[in-house]
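Right, one structure below, let's go through it.
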There are 2 protein chains.
Amino acid sequence: MVRDKEETKARILAAVGKLLAESGFQQLGINAIAREAGVDKVLIYRYFENLPTLLQTFGKEGNYWLTVEELVGDEATIEAEALEKWMSLLLVRFLRDLQQRSITQEILRWELLEGNELTQELAQVRDRMATDSLKFLNQKCAFPPDKDIPAISAVLIAGIVYLVLRTKISPTFLGIDFSSPSGWQRIEAAILSLVEATVQNDEL
Amino acid sequence: MVRDKEETKARILAAVGKLLAESGFQQLGINAIAREAGVDKVLIYRYFENLPTLLQTFGKEGNYWLTVEELVGDEATIEAEALEKWMSLLLVRFLRDLQQRSITQEILRWELLEGNELTQELAQVRDRMATDSLKFLNQKCAFPPDKDIPAISAVLIAGIVYLVLRTKISPTFLGIDFSSPSGWQRIEAAILSLVEATVQNDEL
DNA sequence: TATCATAGTCACCAGTTGGTGACAAGTCAG
DNA sequence: CTGACTTGTCACCAACTGGTGACTATGATA
């Protein structure tokens, strides 16, 4: 038709993104991608050798995570804030950002039940970003030695991820309604109170 | 062969459990179940009308969750303990129990990416059990009005679930190694410190 | 204009899936 | 023993999956 290799490749990659975002990785097969892209599937095999390699290039092209800089944002200039302020700020930002990224959510779902090389590679990228954020935090205001800040962060981040992933399927969890903003406000408030209470009493 | 309807039905249900526990619900098809049970698949259609109905009866037969009583256990007799003690106790028990229940883990994975009637029904059972635990907690030691204990619990439970679900796939998260018990000890300690710090200062 | 590599099309393959109809083999009542 | 019913077996179906070989259409170059 268009006889343009690059555009065809782009259409294929775009189809991957669209399918991934709207129907998850379960429907993500060669045939479905070809159908969505309006492209013969043999071209997928020609341009991207495999479905794994196709997904690999798709994974490399996109930015599915906030970088530390984006996460920190303008406030990076502010100095000498308290640790708990920084933590709750970053966590809430992470929450709000993740809610917007449907593809990232699907990748996280995918990670949760398949141990591909692809998902593991994506997981490595994510983990590096997360530990980088921790490093940033630590050099911003040093972690109190009596608190295991990484473990605490792990629990909270895990909770955020799980709650965000759940809302696509079910609007309630533990009697909290996540279809309305007020449910999320309660979660954000809970994160704030958890972080402030746990991390704050450094000086006591 | 054996010409015993009830045993055949039991074998089919057992095959569902085994497949679900070891390879998840993605491999859970009629053919796979029949293969695993060593039974012709037409019998599945005869005894359980459908695959959904088969899974439904399977779901009804099993106890995939601790009841409140089991969760509370012997300590139910102890009175007038502090709320934060109770919460951390229940949360850590929930964590340890969930780690043992591979089928429950698969159900949770399933819930996370399919909104069947079946998964929603199972989710309702789970949610009721969780809210019952909250009620129990509340009447044991009334929630402080300035803290949103349900929301705090939701974040922590969600974190626990996510971390447990993750470990089957990837042994690390945020630089924490979950293949060794020490990683889980850090998590348990983090939960403890989070709960104690956040809930404790009721009297202050 | 003839050549030739490239882009795209089409038909096919084997394997698997959920699902069904026809039939053999036991079992039990009359 | 005969008939009826249940349990289990086998063969088949359409639809779909990932994957491939052979083909045509196109455009640039010589």
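Proteins come first, then strands; the chains are lettered A, B, ... in the order of their sequence lines, and each starts at number 1. Note: hydrogens, waters and symmetry copies are ignored here, and every other heavy atom, side chains too, is used.
- In terms of modelled atom types and a separation under 3.5 Å, the side chain of B:Thr198 and the main chain of B:Val195 share no donor-acceptor contact.
- Proximity of A:Asn31 to the phosphate of D:dG18: a side-chain N or O atom is located under 4.0 Å from OP1 or OP2.
- The rotation axes computed at either terminus of the helix from C:dT1-D:dA30 to C:dG30-D:dC1 lie 20° apart, taking five pairs at each end and rounding to 10 degrees.
- Relative ring orientation between A:Trp110 and A:Phe25 is described as parallel, the plane-to-plane angle staying below 30° on a 0-90° scale split at 30° and 60°.
- For B:Arg11 and D:dT7, the CZ to P distance is 15 Å, given to the nearest whole Å.
- Atom P of nucleotide D:dT20 and atom CD of A:Glu49 are separated by 10 Å, given to the nearest angstrom.
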Checklist entry - What does nucleotides 25-30 of chain D look like as a protein-contact string, B for base, S for sugar-phosphate only, - for none, at under 4.0 angstrom between heavy atoms? => result BB----
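- Residue A:Tyr47 places its side chain closer to C:dG8 than to any other of D:dG21, C:dG8, D:dG19.
- Relative ring orientation between B:Phe173 and B:Phe178 is described as tilted, the plane-to-plane angle lying within the 30° to 60° band.
- Separating the CD1 atom of B:Ile30 from the P atom of D:dC12 is a distance of 22 Å, rounded to the nearest angstrom.
- In this structure, B:Thr104 contributes its side chain and B:Tyr64 its backbone to a donor-acceptor pair below 3.5 Å.
- In this entry the distance linking NZ of B:Lys41 with C1' of C:dG21 reads 13 Å, nearest Å.
- Interatomic distance, CG of A:Asp4 versus CZ of A:Arg11, reported as 9.5 Å (0.5 Å rounding).
- The CZ atom of B:Arg101 sits 10.0 Å away from the CD1 atom of B:Ile107 when rounded to the nearest 0.5 Å.
- Between A:Glu6 atom CD and C:dT6 atom P the separation is 14 Å, expressed in whole Å.
- Between the P atom of D:dG18 and the CG atom of A:Asp40 lies a distance of 14 Å, rounded to the nearest Å.
- Nearest nucleotide to the side chain of A:Thr8, out of D:dT17, C:dG8, D:dT7: C:dG8.
- Interatomic distance, CG of B:Leu192 versus CD of B:Gln185, reported as 12.0 Å (0.5 Å rounding).
- Here C:dT9 presents its P atom at 12 Å from CD1 of A:Ile44, a figure rounded to the nearest Å.
- Not one side-chain nitrogen or oxygen of A:Arg46 sits closer than 4.0 Å to the OP1 or OP2 atom of C:dT9.
- Using a 4.0 Å heavy-atom distance criterion, B:Leu43 is classed as a base contact.
- Within 4.0 Å (heavy atoms only), B:Val39 reaches no atom of the nucleic acid at all.
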Show me the donor-acceptor pairs within less than 3.5 Å that the side chains of residues 42-59 of chain B make with the rest of the protein, sequence neighbours left out.
unit_1, atom_1, unit_2, atom_2, d
B:Thr53, OG1, B:Asn50, N, 2.7
B:Thr53, OG1, B:Asn50, O, 3.1
B:Thr57, OG1, B:Leu54, O, 2.8

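- Distance CZ (B:Arg35) to C1' (C:dG18): 12 Å, rounded to an integer number of Å.
- To the nearest 0.5 Å, the span separating CZ on B:Arg109 from CD on B:Gln26 amounts to 10.0 Å.
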